[in-house]
Amino acid sequence: MSRMGTIDRRWFERVAGARLPGADQVLPRLSRAANHGRLWFATAAVLAAAGGPTARRAARRGVGALALASLTTNTVAKYATRRGRPVVDTVPLVRRLAKAPRTSSFPSGHSASAAAFAAGVALESTRYGALVAPAAAAVAFSRVYVGVHYPGDVLAGCVLGVAAAAATCYWWPPRPQPVHPLHTRAAAPTVRRGQGLVVVVNGGSGKGVPGRLPAQDHLRLLLPEAEIVELGPGEDLGELLDEAVARAGRLAGVLGVCGGDGTVNAACERAARAGLPVAVFPGGTLNHFALDAGVAAFEDTVHALEHGEAIRVDLARVHDGGGQNVAAFLNTFSVGFYPDLVRVREGLEDRIGKWPAGAIALLRVLRTATPLHLRVDGRPRVLWLLFAGNGHYRPDGLAPSYRPRLDEGLLDLRTVDAEVPLARVRLVVSALAGALRRSHVYRAERVRSVRLTGLESVNSLAYDGETAPAPDALVLDKEDRALTVYSPAEAQDELAQRARTATAALAAGATATRARRTP
């Protein structure tokens, strides 16, 4: 027997002989709850439902790390070692599991999953990671306590789990905190209690305080003197925004918008023309622009309004061959299979939900996609995809997620070449290997403007989640610092958390009052 094996068995016997108050009732149940990752999937669901954008990112990364750790442990590591399980004679009957596992003891799959989930969550949020870590440590310890693993199995599982969480950063880098250190600050009117603020709400988002208070009610609690204008069934968003811009202009006030990126884009384009500052309240599913602007929650925007804190933001514009404005975008523009993906997704999402619809749409589009023949600044190109970001997106690659600066004055242009043999296969291999920058298929550059011609084969273009017909020629350029957008000057996590708690209390009180008044 090796020295390490001797030490492992000695520590196992010490744990088996230990008597911890209350542990015999708690740890076996906790160990069973973690079977097949059920405990962690439930935790991820709670984070996604009750938390904000950071909590949802933490939940997604935690589940992704868990899946990678579980796959590696159960399909590779266990079959490579085939270590026998401990002899449980010294473990009290009250602790033992009703059904002992039969797979290899090394490494501990439960420990790998627990460590992977906790580490994945912590990569996105140290606060949520600190909340999850004690449960993960308890699950790992419980595997020795109930007699199904040696301590070395558990330690190896924890190392493997942390490594799996770290590996997710290879393909999906965490969003850094803070994400807006390079923004240019701007002076903006101070708005208290919403006086002089006209807010257009694209309803149906359901974004509000805990308890799912609707967005419009949430705004009324935070900004009681603001004018809240809701988009009703059958109403035209553009007309409603035009009226709100005119009303805000007469008040010498501020335009507010609550909705997803498409709604925010439409409001900001009009605000730029009218010279109005904009207050963005994140009310969509992903809220890419709001997060890049530093307003992850309604309370962040309210704080910025009350203190007159804002930033400068570029607006990217799309013109046709004759110089006529086609669209504007705050986030991204693309031609290629992405517009088709958006169109297929929108046809399915009302029936099966946005995320499942997105997955099915991607599979369909990749199977049927055809290359695009066009000219980029006069050069003939055959592309699968052309992407342009309003500012430099991080990370580099096919899955950009955030921008540290919104007034850079440049477009982030990325293309996927279809002329290279086996272009799609090489692209996938390069992305998985982390060598995308050196791939001959993928090209990235930052430009002031770009001209696209020969678009006869391009049916549609996509911008900020919306689609539009594509003309035969396009010019993409920038309008520097066209917008003033309210954003807290510094990270306001603690302040926002206190404000959310207070708002939740107000909402609970309002609900209770309505209940008492109801016969």
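Just so you know, these numbers come straight off a predicted model, no measurement behind them.
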Exercise. Between atom CG of Asp236 and atom CD of Glu243, what is the distance when rounded to the nearest 0.5 Å?
Worked result: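 With rounding to 0.5 Å, CG (Asp236) is 9.5 Å from CD (Glu243).
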For this session: Go through Leu386 and Phe333 one step at a time and tell me if the side-chain contact (heavy atoms from CB on, under 4.5 Å) criterion holds.
Result: CA-CA 8 Å; Leu386 182 144; Phe333 165 94; 4.3 Å; yes
Side-chain contact, heavy-atom cut-off 4.5 Å: [X] with [Y]?
X      : Y      : answer
Thr415 : Tyr442 : no
Phe289 : Val280 : yes
Arg56  : Glu124 : no
Val278 : Val254 : no
Thr190 : Leu305 : no
Val200 : Leu240 : yes
Val447 : Leu410 : no
Gln216 : Leu219 : no

Do side-chain atoms of [X] reach the backbone of [Y] as a donor and acceptor pair under 3.5 angstrom?
X      : Y      : answer
Asp320 : Gln324 : yes
Thr484 : Arg312 : no
Asn390 : Leu330 : yes
His307 : His303 : yes
Ser125 : Ala122 : no
Glu309 : Ala489 : yes
Asp314 : Arg481 : yes
Asp464 : Asn331 : yes
Asp472 : Thr453 : no
Asp300 : Ala297 : yes

For this session: Please lay out, stage by stage, how Val382 and Leu372 fare under the test side-chain contact (heavy atoms from CB on, under 4.5 Å).
Result: CA-CA 5 Å; Val382 182; Leu372 305 174; over 6 Å; no
For this session: Please lay out, stage by stage, how His218 and Cys258 fare under the test side-chain contact (heavy atoms from CB on, under 4.5 Å).
Result: CA-CA 11 Å; His218 190 180; Cys258 176; over 6 Å; no
Exercise. Is the CD atom of Gln195 crowded by more than 12 outside heavy atoms at less than 6.0 Å?
Worked result: no
Exercise. Stepwise, does the side-chain contact (heavy atoms from CB on, under 4.5 Å) test hold for Ile311 with Arg405?
Worked result: CA-CA 10 Å; Ile311 59 174; Arg405 183 173 178 179; over 6 Å; no
What I want to find out is whether [X] reaches [Y] closely enough, with some N-O distance under 4.0 Å, to be called a salt bridge.
X      : Y      : value
Arg273 : Glu269 : yes
Asp377 : Arg451 : no
Asp477 : Arg448 : no
Glu306 : Arg192 : no

Exercise. Just checking, is any N or O donor in the side chain of His440 or Glu419 under 3.5 Å from an acceptor N or O on the other one?
Worked result: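 Judged by distance alone, the side chains do not pair up.
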